[in-house]
Amino acid sequence: MAEIVGPRLYSCCNCRNYVALHDDVISKSFQGRNGRAFLFSHAMNITVGPKEDRHLMTGLHTVADVYCSDCREVLGWKYERAYEETQKYKEGKFILEKSKIAKENW
């Protein structure tokens with residue numbers, strides 16, 4: 001009998017709530033507040049906080065922190081607006097910090 005294998009996922013490191021699909025990873029070469037971070041096209045089971053302007057390594061962006069919807073752990077942020085034309089591809093995307101997520105179904 002074949003074993004059924006589900007999609008590879010990322011979960012909150014604190015409570016194991018599923019927060020993103022591996023298939024939605026755009027890049028693994030981003031920098032978060034606490035080290036390496038991944039850029040995702042989508043995230044799930046998260047709460048988006050208030051928008052604020054932040055000066056990041058690539059310029060000024062309007063971002064909103066994202067939290068696990070179960071335990072409220074800050075996982076990263078959502079890019080709401082990029083002011084530099086070369087950074088517009090980030091709009092609507094999510095940064096999840098590697099130290100805040102865990103692999104599931106790998």
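Scope of the values below: all heavy atoms of this structure, side chains included, with no hydrogens, waters or symmetry mates.
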Can I get a per-line list of side-chain donor-acceptor pairs under 3.5 Å for residues 73-83, giving both atom names and the distance, sequence neighbours left out?
residue, atom, partner, partner atom, Å
Glu73, OE2, Lys100, NZ, 3.0
Tyr83, OH, Asp53, OD1, 3.4
Tyr83, OH, Thr62, OG1, 3.0

- Query: Do you know the tightest heavy-atom contact between Ala37 and Gly32?
  - Reply: CB-N, 3.7 Å
- Message: Test of understanding: with side chain to side chain contact (heavy atoms under 4.5 Å, CB included), list the residues that count as partners of Arg36, not counting sequence neighbours.
- Response: Lys28, Phe38, Lys98
- Query: Which residue pairs satisfy the side chain to side chain donor-acceptor pair (under 3.5 Å) criterion with at least one member in residues 63-72, sequence neighbours excluded?
  - Reply: Asn17-Ser69, Arg33-Asp65, Thr47-Arg72, Arg54-Asp65
- Ile95 side chain reached by Val66 side chain, heavy atoms, under 4.5 Å: no
- With Phe40 via ring-ring contact (aromatic ring centres under 6.0 Å, His included) - residues at least two apart: Tyr10
- Message: Restricting to side chain to side chain contact (heavy atoms under 4.5 Å, CB included), what partner residues turn up for His42, sequence neighbours left out?
- Response: Asp24
- Those residues that, when tested against Lys88, pass salt bridge (Lys or Arg N to Asp or Glu O under 4.0 Å) (two or more places apart): Glu91
- Message: Quick check for you: to the nearest 0.5 Å, what is the distance between Leu9 atom CG and His22 atom NE2?
- Response: 10.5 Å
- Is there a side-chain contact between Ile101 and Cys13 (heavy atoms, below 4.5 Å)? no
- Message: Quiz question: by atom type and distance under 3.5 Å, do the side chains of Lys103 and Ser11 form a donor-acceptor pair?
- Response: no
- Item | Tyr89: side chain to side chain contact (heavy atoms under 4.5 Å, CB included) partners, not counting sequence neighbours | Phe30, Leu39, Gln87
- Message: Taking the side chain as everything from C-beta on, heavy atoms only, tell me whether Val19 gets closer than 4.5 Å to Phe94.
- Response: no
- Can you name the side-chain hydrogen bond (donor to acceptor under 3.5 Å, both in side chains) partners of Thr86, sequence neighbours left out? none
- Message: How long is the straight-line distance from CG of Asn34 back to CD of Glu97, given to the nearest 0.5 Å?
- Response: 4.5 Å
- Task: Sequence neighbours left out, what pairs pass salt bridge (charged side-chain N to carboxylate O under 4.0 Å, His left out) with at least one residue falling in residues 39-51?
- Result: none
- Task: Spell out, yes or no, whether Trp106 and Leu96 are grouped together once hydrophobic residues are joined by side-chain heavy atoms under 4.5 Å, including indirect joins.
- Result: yes
- Considering residues at least two apart in sequence or located in another chain, which fulfil the salt bridge (Lys or Arg N to Asp or Glu O under 4.0 Å) criterion with Arg16? Glu104
